[in-house]
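What follows is a set of notes on a single structure, which appears directly below.
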Number of protein chains: 2
Amino acid sequence: MNDVKLTSTLAFRLGTLGAVVTERFSARLAGHGLKPKHIGLLTVLESGTATSQLDIAKLMNVAPSLVVSLADRLEELGAIQRERDLSDRRRQTLTLTEEGRELLATCTAAAAELDSELTDGLDPEETEALRSVLRTLARRNGLPAD
Amino acid sequence: MNDVKLTSTLAFRLGTLGAVVTERFSARLAGHGLKPKHIGLLTVLESGTATSQLDIAKLMNVAPSLVVSLADRLEELGAIQRERDLSDRRRQTLTLTEEGRELLATCTAAAAELDSELTDGLDPEETEALRSVLRTLARRNGLPAD
DNA sequence: CTTAAACGATTCAATCTTTGAACGATTTGG
DNA sequence: CCAAATCGTTCAAAGATTGAATCGTTTAAG
């Protein structure tokens, strides 16, 4: 008979911790009137992995119509620029503006600060091990992993 | 100037990985007509940390009214039993039935299977390090941590 | 060329999840 | 004994995301 607890399972812990951390990150973004997905979009643009809205939607695993509203908001803030692709006028090409870069940098700093809080008191080796394994897992699951 | 990428941040990785893993776990639960929160409730009951609906709601960081519907469904499945607390008839006391225990065991097995997939190919030491650090983080953040 | 099919973006209604406010029953403290 | 607090429940509303329909544009087949 298997007596492993659900709570000791990686799946459960990653899920709950992920939710908690996202919630906290979200709270820090609230001041800018942004949600994590907005930052996800900025990140895609910075990585240069996709520029058209449809490609971005696929990369983010999200409906194309959602990208529209995320982009609406970001454009409103001046964080991105929307331009018709001249070689295919159906496409909207999104590009980061300088303001967008700064916004992303600010939010990245907020995330880094969260990291400090999370790892405060952990052995530096532990922290590094965590970083390393998460990078591996991200890579294996098709998530951005530098 | 700080050039750390958001994607290399623990906060971001925990968030995205958590979402992916929860999604996958959710898919395996779908067959039972359950969602992760249902399992979360069963887990609380198994841990014995709380039995009244309000206490459960607090522990789960969720509105009391949500616990009502989660419990409705679980009762319908025969996984839990709802009884008025005789010493305070306002309270509903929820208890796991034998069927509930079995259901939880099945779902725990599904989570464990997910764990295998996630860690397949990782160094055993890496896996153990991950488990250990996540347990620590869970504990520090008020999450169930055995 | 012309035209039908495919495509990308957009809008909008519908869905799903969760919350908050209102209510009824019960308990508690003054 | 009564007013205030508590617990569970219902239900309407909020927030996030999707899917279907539409418009302009491109592509490919005849």
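So you know, we letter chains A, B, ... as the sequences are listed, proteins then strands, and number each from 1.
Checking A/Asp72 against A/Arg91, the closest nucleotide of DNA chain C that is more toward the 5' end is the one next to A/Arg91.
For the salt bridge (Lys or Arg N to Asp or Glu O under 4.0 Å) condition, the pairs that include at least one residue of residues 133-146 of chain B, sequence neighbours left out, are A/Arg13-B/Asp146. Residue pairs meeting the side-chain hydrogen bond (donor to acceptor under 3.5 Å, both in side chains) criterion with at least one member in residues 88-99 of chain B, sequence neighbours excluded, are B/Asp88-B/Arg90.
Residues from residues 39-50 of chain A placing a heavy atom under 4.0 Å of any atom in DNA chain C do not occur.
Regarding A/Lys58, its NZ atom lies at a distance of 15 Å from the P atom of D/dT18, rounded to whole Å. Here D/dT6 presents its P atom at 19 Å from CD1 of B/Ile56, a figure rounded to the nearest Å. Note: CG (A/Leu29) to P (D/dA16) measures 12 Å, nearest angstrom. Atom CD in A/Gln92 sits about 9 Å away from atom C1' in C/dT10, given to the nearest Å. In this structure, B/Arg84 atom CZ and D/dT6 atom P are separated by 17 Å, rounded to whole Å.
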Subject >> Annotated protein contacts, base or backbone, on nucleotides 17-30 of chain C with a non-hydrogen cut-off under 4.0 Å, one of B, S, - each >> reply: SSBB----BBS---
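A continuous path of Ile, Leu, Val, Met, Phe, Trp and Tyr side chains, each step under 4.5 Å between heavy atoms, connects B/Leu59 with B/Val62, placing both in one hydrophobic cluster.
A/Asp120 is linked by a side-chain contact (heavy atoms from CB on, under 4.5 Å) to nothing, counting only residues two or more places apart in sequence or in another chain. Residues forming a side chain to side chain donor-acceptor pair (under 3.5 Å) with B/Asp55 (at least two apart in sequence, or on another chain): B/Ser52.
With a 4.5 Å cut-off on side-chain heavy atoms, B/Asp115 and B/Arg131 count as touching.
At distances below 3.5 Å, at least one donor-acceptor pair connects side-chain atoms of B/Thr106 with backbone N or O atoms of B/Glu102. When atom types are taken as modelled, the side chain of A/His32 and the backbone of A/Leu29 share no donor-acceptor pair closer than 3.5 angstrom.
For the pair A/Arg82 and C/dT10, the criterion of a side-chain N or O lying under 4.0 Å from OP1 or OP2 is met.
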